[in-house]
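We name chains A, B, ... by the order of the sequence lines, and we start the count at 1 in each one.
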Amino acid sequence: MKFSELAANLDRMEGTNSRNELVRILADVYQASSAEELQPITYLIQGRLAPFFEPVEIGLGERLLISAVAVAYGVPKDEAARLNRQTGDLGITAQRLAPAAHRDTPAVAEVHRRLSEIAAAGGAGSQQKKLDVFTGLLADLDSVSAKHLVRITLGKMRLGIGDPTVLDALSFATKGDRSMRPILEAAYNRTSDLGLIARTLWDAGEPGLEALKVRAGHPLRPQLAERLPNPEAVIKKLGIVGVQPKYDGLRVQIHKDADRVSIFSRNLESMTEMFPELVVAASALGAQSLILDGEAIAYNPESEEYVPFQETTARRRKEGIQELAGRTPMRAFVFDVMFRDGSDLTQLPYERRFEIVEHLLAESDTLLTAPLMTTDSAEVLTRELLDNISKGLEGVVAKRLDSTYQAGARNFNWVKLKRNTSGQLTDTIDVVLLGYYRGKGKRAEFGAGAMLAGVYDSDQDEFVTIS
DNA sequence: TTTGCCTGCCC
DNA sequence: ATTCTGC
DNA sequence: GCAGAATGGGCAGGCAAA
């Protein structure tokens with residue numbers, strides 16, 4: 001498929017708000033693709049080159065792309081920047097500046113290959129090389145293709161297409177209805193790779209999808225928590241719940257596969273190199289293979305103090321890890337296990353999975369079990385929430401004790417209660433309007449994006465800004 | 001060598 | 001992460 | 001309630017300009 005054909009279909013998608021229509025158009029695209037194109041197309045329509053867990057970054061953001069567009073179409077950079085401010089969309093900006101003439105655009109796979117070449121460039125002079133390849137690509141594209149190429153590169157497609165829409169489209173393309181969606185979705189949640197799902201569906205059909213199992217070393221999509229405003233709402237909605245602290249750290253999915261350990265972030269990026277102390281601790285656990293879910297935070301067990309998020313996040317680095325690991329060692333508070341010794345545990349009830357976590361981590365002083373208490377009383381839950389807040393934690397997470405691990409889902413099986421939304425601790429305060437920020441994009445059309453407010457400090461006789 | 005813009009990713 | 005919008 | 005887009009604060013690191 002030519003890139004221009006894909007771009008024309010992306011344009012059709014942009015022109016509709018109907019999800020059904022989006023699914024139909026995308027299904028058409030899949031049906032018109034060859035088997036080899038399924039993966040690159042799947043990534044490109046999501047504004048990516050590879051699945052989340054692959055460390056592929058194009059490294060061209062808005063600023064650099066404005067330069068590239070200006071060079072490609074022979075206009076001054078100022079003018080491209082001005083037009084971009086006016087349109088609010090660099091894709092549209094490129095489309096306006098591009099000559100309308102038809103061109104024989106490269107194949108989709110070729111565009112993917114050249115974007116990958118941009119992503120691979122590094123070291124001195126790499127910025128220029130990225131720009132050169134990109135402007136070369138623009139020179140081969142018609143204006144509509146240029147618009148979508150820019151959006152792909154920025155990762156902002158603005159089409160109304162997310163993972164669920166792609167899954168529906170794959171079902172439509174093969175079955176003519178949504179009947180395959182549950183199987184596709186489950187396979188996606190196990191593998192976190194939409195391109196692989198598309199390819200497998202074509203090559204091996206439903207049995208192929210079923211054969212994509214949870215594997216240690218391959219991240220699954222983490223389960224997420226919904227939010228409720230107060231403890232009463234939680235008890236009313238869930239009844240009896242398991243309650244755990246909500247740590248203000250980094251979500252970690254810890255994989256152990258024999259002697260290999262890997263750690264993934266909430267968005268499935270690898271964090272293995274950042275936390276050697278967690279890797280050592282996971283290696284020492286008494287299981288051949290494991291997938292654990294938890295929150296990593298720099299924590300001092302002697303003083304029982306959790307360090308603020310900004311210090312924990314400073315551990316998210318490549319350099320100087322050993323020194324920082326000595327000064328602010330990480331712990332992980334583990335609350336779930338999804339896989340052990342070759343068995344998928346996601347279908348066990350939470351209560352049972354938590355027992356396994358406790359058993360697995362009994363000996364570890366680095367991988368700690370997130371303590372669990374059970375209640376069906378709003379008063380007890382309130383006390384637990386306030387207790388945890390007073391310890392410097394972010395709040396609590398309440399869980400249905402009989403729920404399975406639903407990878408990728410955000411639903412009321414897990415509910416977070418946070419300090420600023422607890423209802424009991426918030427109150428109104430008097431503030432003085434000190435100024436405003438213009439803001440960006442849509443909000444700026446209003447004239448102001450955000451307000452700067454202050455409270456009166458009577459000691460200093462001045463207004464102190466708050467946030 | 002230092003500084004600062006830019007990007008990507010965490011929440 | 002939160003907030004808003006359309007369905 | 002779901003799905004998707006658009007927004008914010010703050011960190012590290014890569015790179016090029018100073």
Side-chain angles (χ1 to χ4, degrees), chain A residues 13-14 16-23 45-49 52-68 88-89 118-119 121-131 151 153-168 181 185 222 224-229 237 246-252 263-271 273-275 295-298 307-321 324 394-395 408-412 416 418 420-421 437-446 448-452 467:
Chain A
M13 295 183 203
E14 194 182 355
T16 179
N17 287 323
S18 155
R19 242 171 70 76
N20 288 335
E21 182 65 13
L22 284 172
V23 167
I45 59 174
Q46 300 238 300
R48 309 189 54 81
L49 297 178
F52 279 105
F53 53 84
E54 300 286 355
V56 179
E57 303 160 20
I58 296 178
L60 290 176
E62 186 164 297
R63 294 308 194 103
L64 289 169
L65 281 182
I66 287 173
S67 300
D89 180 326
I118 292 172
S126 60
Q127 222 167 66
Q128 193 57 51
K129 177 176 179 188
K130 285 173 191 278
L131 291 175
R151 288 177 173 176
T153 307
L154 285 174
K156 293 182 184 176
M157 300 302 288
R158 313 175 67 150
L159 295 172
I161 293 184
D163 298 348
T165 306
V166 174
L167 293 168
D168 278 344
R181 165 78 185 266
E185 187 169 345
L224 303 172
E226 264 294 354
R227 213 178 63 174
L228 283 175
K237 191 159 182 83
K246 186 176 192 308
Y247 303 94
D248 198 5
L250 303 170
R251 184 83 177 263
V252 283
I263 301 175
F264 299 96
S265 73
R266 181 193 125 115
N267 290 317
L268 310 179
E269 300 283 330
S270 172
M271 299 175 94
E273 307 307 318
M274 299 169 192
F275 308 123
E295 189 86 2
I297 183 171
V307 314
F309 176 74
Q310 70 210 34
E311 281 180 56
T312 295
T313 201
R315 283 294 312 271
R316 212 171 62 77
R317 55 164 58 228
K318 291 166 94 170
E319 309 290 334
I321 288 168
L324 271 179
E394 218 190 346
R410 185 195 292 280
N411 57 37
F412 288 93
K416 57 187 165 188
K418 297 178 65 164
N420 52 341
T421 54
Y437 301 98
R438 189 174 305 279
K440 280 183 66 176
K442 257 191 179 157
R443 290 190 192 173
E445 291 167 12
F446 176 68
M451 301 296 175
L452 182 65
S467 61

Practice item. Would you classify Ser18(A) as touching base, sugar-phosphate or nothing, given that sugar-phosphate means primed atoms plus P, OP1 and OP2, and contacts are heavy atoms under 4.0 Å? Key: nothing
Check your understanding: Is the backbone N or O of Met274(A) less than 3.5 Å from a side-chain atom of Arg315(A), with the two atoms forming a donor-acceptor pair by type?
Key -> yes
Review point. Which of the following nucleotides, dG4(D), dG1(D), dC2(D), is nearest to the side chain of Glu226(A)?
Key: dC2(D)
Practice item. Output yes when at least one side-chain N/O atom of Lys246(A) is less than 4.0 Å from OP1 or OP2 of dC11(B), else no. Key: no
Exercise for review: Answer yes or no: is there a donor N or O on one side and an acceptor on the other, between the side chain of Ser126(A) and the main chain of Gly123(A), under 3.5 Å?
Suggested key: yes
Revision key, fill the gap. Ranking dA6(D), dC10(B), dG4(D) by distance to the side chain of Glu269(A), first place goes to dC10(B)
Check your understanding: Pro164(A) and Arg181(A): which non-hydrogen atoms are nearest, and at how many Å?
Key -> CB-NH2, 3.6 Å
Check your understanding: Would you say dG4(D) has OP1 or OP2 under 4.0 Å from some side-chain N or O of Arg19(A)?
Key -> yes
Check your understanding: When you check the phosphate oxygens OP1 and OP2 of dA16(D), does a side-chain N or O of Lys129(A) lie under 4.0 Å from one of them?
Key -> no
Review point. What is the distance from CD of Gln128(A) to P of dC6(B), rounded to the nearest Å?
Key: 15 Å
Check your understanding: Whole Å only: how far is the CZ atom of Arg151(A) from the C1' atom of dA6(D)?
Key -> 14 Å
**Study point:** Same-atom distance (P) from dA6(D) to dC11(B), integer angstrom
**Key:** 22 Å
Exercise for review: Give one of base, sugar-phosphate or nothing for Ser126(A), where a contact means two heavy atoms less than 4.0 Å apart.
Suggested key: sugar-phosphate
Exercise for review: Run the salt-bridge test on Glu269(A) and Arg316(A) with the 4.0 Å N-O cut-off and return the result as yes or no.
Suggested key: no
Review point. Given atom CG of Asn17(A) and atom C1' of dC2(D), what is their separation to the nearest angstrom?
Key: 16 Å
Review point. Roughly, in whole Å, what's the span from CD in Gln127(A) to P in dG4(B)?
Key: 17 Å
Review point. Looking across every strand, which nucleic acid part, if any, lies under 4.0 Å from Gly155(A) by heavy atom: base, sugar-phosphate, or nothing?
Key: nothing
Point to revise | Side chain to side chain, Ile58(A) and Lys130(A), heavy atoms closer than 4.5 Å | key: no
Review point. Is the base of dC9(B) touched by the side chain of Arg316(A) through a donor-acceptor pair closer than 3.5 angstrom?
Key: yes
**Study point:** Nearest-Å distance for atom pair CD1/C1', residues Ile161(A) and dC7(C)
**Key:** 17 Å
Practice item. Respond yes when some side-chain nitrogen or oxygen of Arg227(A) is under 4.0 Å from OP1 or OP2 of dT2(C), and no when none is. Key: yes
Check your understanding: Which whole-number value in Å describes the distance from Leu224(A) CG to dC11(B) P?
Key -> 10 Å
Exercise for review: Can you figure out which of dC9(B), dC10(B), dG13(D) approaches the side chain of Glu319(A) most closely?
Suggested key: dG13(D)
Check your understanding: Does Asn267(A) put a side-chain nitrogen or oxygen below 4.0 Å from OP1 or OP2 of dC10(B)?
Key -> yes
Review point. OP1 or OP2 of dG4(D) less than 4.0 angstrom from a side-chain nitrogen or oxygen of Thr165(A), does that happen here?
Key: yes
Review point. Under 4.0 angstrom, heavy atoms only, what part of the nucleic acid is Asp163(A) near: base, sugar-phosphate, or nothing?
Key: sugar-phosphate
